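This report refers to the structure that appears directly beneath it.
Note that this is a predicted model, so its numbers are computed, not measured.
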Amino acid sequence: MGWLLRVNRLYGPTGRWLRLADFARAFQGGCWPERASVYQISRWETAAVRVPYLAIRRYEELLDLPSHRLVALIDSIYRYAASTGDASPVLTRAPDRPAAPDRLTELVDLAASSTALLTGVEWDELTRRLAAVPEVVISPQRVWADIAERLLAETIVADGLAWMQRYEALSRLLAHPVGQQAAVAACASLAADRTNQVFIETVSALDASDHPDANRHVLRQLAHPTNDRAQFGALLASVRKLRFGHFTEAQLPRLVAVIHELSFDSNRRGDIQPLAVELLRRLSDRMPAASRNRLRGLVADPTLHQVLRAGRLADGEASRRLVDRLSNTAVALMPGEPPPFRDEVLPVLVDEMLFSPVFDVRMYAAIAVSGTPYRQPLAAGLAAELNGRTVLADPVAPAMIEALRLVGGAEQRAVIERLTTASGVHGSITVAAAQAIGHVGGRSDDRFWRTAVAYHAELWRRTGQPTNEAALNGLTYGLGMTRNPALLRLLRADDRMPQPVRAAATWWLNVPDVVYASANR
């Protein structure tokens, strides 16, 4: 967290705060009423002490950053790293005034409404206030379900800052002593609905709850999943659930057996095997000797071998050269000469962003980088790498495309568009690009969408390849995330499309307007 503050101060767009003394003199004001010394700020930026909430808000003010941008980043990263036993944010806010009990009632009424709009800041405030009163009584009891279902619906269609705020709010609700059962039930119900279109996020969110129902639903989606996406979400949830000891001793043998079988099942979606192997690596002390011996059969696949051996998607030496190239270029493009400090954090984050076998680790590393001035040069470097045919043959290419979902801007959108319909590339790249187009910065015009859909529809009708159907599903997701109802209606009406694509278009068209509108605030 100190690194985020330091990098933003040193490399911010104004260039005014290279000298810490200047920054300290300007710090008093806005939301920060006290004086701040050079020593105090230095301790925040070097992680000698934890930086308080209002100080982060003051950084946002002085650095002209969007309101709550750094707060949401820090909340998100803290939540993933911290234990799941507390509904309160790790980034502690000042206590809310006890004299304002009506505010909680007002926020509950808004969240339970089917017409009211809520901002990300209001979801933050509501779940923070609920966390402060763990035995709170809300009547009628159904209101808890209304709040959880509304929050989950907004979370899965939100993006960027709005998504981070809502996902943190959902995680707090999943850890709340009273609200967690309604939140777990909302996730489980949506995950069991085959018409739903956002499964990974819905199931993986259950890692925020240690409630027995959450464990039960994760195990069910592992052994008897709604589909491959739900199963992948359950694997992701298992990473934190294992780390924090959610599963009982009686559940662990069943978990190990399912994950062991998934490690050898190449017929599932391509990202399931590496994640299953990583979980087995962490569970090796709980595996029977015969099962450990069977794992030796994975050495034939270089990616799975690296995951089993070192918990990485690629060889350390080869990946180091790519990480150094991207990191050094990003640092070299920062203003000022020479760099004001040796950045040892950025290479670690770039390495995790590209080579961790755990999708969530890659995502949160990218989120951290996206909150710094390194974002643009790093995105440009990733795009340049993806323009080379050699990299496109590398197993890390899909992870690079994934990273551009979070760090890429409008300038990199053309690369993702090109890869969506590129010929002669591995299917995993095609699918990753189609899934990324709904998140990367900028917007694509209708001509691109029509061309890409027609390209994959024609190939699917001619060859029946799963890659083309998966790409069509990714493009439909992108049309939903970018709110393009006109093209979604065309997909829904086209009886030449795969039925799952038409069903996906129908689902996105049925998202209530109030959910879309609220999730964008």
Name the orientation class of the two ring planes belonging to H176 and W144 (parallel below 30°, tilted from 30 to 60°, perpendicular beyond 60°). tilted
Take atom CD of E60 as the centre, draw a 6.0 Å sphere, and report whether it contains more than 12 heavy atoms from other residues, nucleotides or ligands. yes
Test side-chain contact (heavy atoms from CB on, under 4.5 Å) applied to H68 and R57, step by step: CA-CA 7 Å; H68 292 85; R57 296 283 290 115; 3.6 Å; yes
Residues in salt bridge (Lys or Arg N to Asp or Glu O under 4.0 Å) contact with D213, at least two apart in sequence or another chain: R216
Are R502 and D495 close enough for a salt bridge, meaning some N to O gap below 4.0 Å? no
Please round to the nearest 0.5 Å and tell me the distance separating atom CD of Q221 and atom CG of L206. 9.0 Å
Is there a side-chain contact (heavy atoms from CB on, under 4.5 Å) between V358 and R282 once you walk through the steps? CA-CA 12 Å; V358 181; R282 301 182 185 198; 3.7 Å; yes
Do L152 and C187 have side-chain heavy atoms sitting under 4.5 Å apart? yes
Might you work through the side-chain contact (heavy atoms from CB on, under 4.5 Å) test for N510 and T195, ending with a clear yes or no? CA-CA 11 Å; N510 287 337; T195 67; over 6 Å; no
Considering all heavy atoms of both residues, which atom of A519 and which atom of A162 are nearest to each other, and what is their separation? O-CB, 3.3 Å
Counting only N and O atoms by type, is there a donor-acceptor contact under 3.5 Å from the side chain of S189 to the main-chain atoms of A185? no
Closer than 4.0 angstrom, basic N to acidic O: yes or no for R103 and E106? yes
Pairwise distance CG(L382) to CD(E402) - rounded to 0.5 angstrom: 11.5 Å
Report yes if some heavy atom in the side chain of M1 is under 4.5 Å from a heavy atom in the side chain of L91; otherwise report no. no
Report yes if the side chains of Q197 and W508 come closer than 4.5 Å at any heavy-atom pair, otherwise no. yes
Starting from the C-alpha separation in whole Å, work towards a yes-or-no answer on salt bridge (charged side-chain N to carboxylate O under 4.0 Å, His left out) for R243 and D207. CA-CA 10 Å; R243 178 151 57 101; D207 68 3; over 6 Å; no
So does A191 get a backbone contact from the side chain of T226, meaning a donor-acceptor N/O pair under 3.5 Å? yes
Does either side chain, that of S444 or that of R413, offer a donor lying less than 3.5 Å from an acceptor on the other one? yes
Are any non-hydrogen side-chain atoms of L236 and F359 less than 4.5 angstrom apart? yes
Minimum heavy-atom separation for A148 and A183, please, with both atom names. CB-CA, 3.7 Å
Donor-acceptor contact present, side-chain D445 to main-chain F448, <3.5 Å: yes
Quick one: salt bridge (Lys or Arg N to Asp or Glu O under 4.0 Å) partners of R462, sequence neighbours excluded? E458
Backbone N or O of V198 within a donor-acceptor pair of the R229 side chain at under 3.5 Å? no
Output yes when a side-chain donor or acceptor of R194 lies under 3.5 Å from a complementary backbone atom of A192, and no otherwise. no
Matching residue for S263 among L280, I272, L279 - test: side chain to side chain contact (heavy atoms under 4.5 Å, CB included): L280
Can you find a pair of side-chain heavy atoms, one from P398 and one from V431, that are under 4.5 Å apart? no
State yes or no: are the ring centers of W163 and H439 separated by less than 6.0 Å? no
Distance check, rounded to the nearest 0.5 Å: E417 atom CD versus Q412 atom CD? 12.0 Å
If the threshold is 4.0 Å, N to carboxylate O, is there a salt bridge linking R150 and D146? no
Who are the salt bridge (Lys or Arg N to Asp or Glu O under 4.0 Å) partners of D265, not counting sequence neighbours? R268
For the residue pair Q273 and L262, what are the closest heavy atoms and their distance? CG-O, 3.5 Å
When you measure from the side chain of Q231 to the backbone N and O of L222, does any donor-acceptor pair fall under 3.5 Å? yes
Of all the heavy-atom pairs spanning S209 and V184, show the shortest one and how long it is. OG-CG2, 3.7 Å
With rounding to the nearest 0.5 angstrom, report the CZ to CG distance, R450 to L490. 5.5 Å
Spacing of CZ belonging to R405 relative to CE belonging to M363, to within rounding of 0.5 Å: 9.0 Å
Run the salt-bridge test on R240 and D360 with the 4.0 Å N-O cut-off and return the result as yes or no. no
Work out which heavy atom in P274 is nearest to a heavy atom in L313; give both atom names and the distance. CB-CD2, 4.1 Å
T127 side chain to L173 backbone, donor-acceptor under 3.5 Å: no
Distance-only, no hydrogens or angles: does the R362 side chain make a donor-acceptor pair with backbone N or O of S356 under 3.5 Å? yes
Is any side-chain heavy atom of L275 closer than 4.5 Å to one of P357? no
To the nearest 0.5 Å, what is the distance between OG on S428 and CD1 on I401? 7.5 Å
Could you please spell out the steps behind the side-chain contact (heavy atoms from CB on, under 4.5 Å) verdict for I138 and L130? CA-CA 10 Å; I138 296 178; L130 288 173; 4.0 Å; yes
So do V453 and M497 actually touch side chain to side chain, heavy atoms under 4.5 Å? yes
N473 side chain vs E469 backbone, donor-acceptor pair below 3.5 Å: yes
Using atom types as modelled and distance alone, determine if a side-chain donor or acceptor of N387 lies under 3.5 Å from a backbone N or O of A383. yes
In the structure I gave you, are the side-chain heavy atoms of R93 and Y53 within less than 4.5 Å of one another anywhere? yes
Before accepting this row, confirm whether a basic side-chain N of the pair R142/E149 lies closer than 4.0 Å to the acidic partner's carboxylate O. yes
Looking at D159 and G438, what are the two nearest heavy atoms and their distance? OD2-O, 4.2 Å
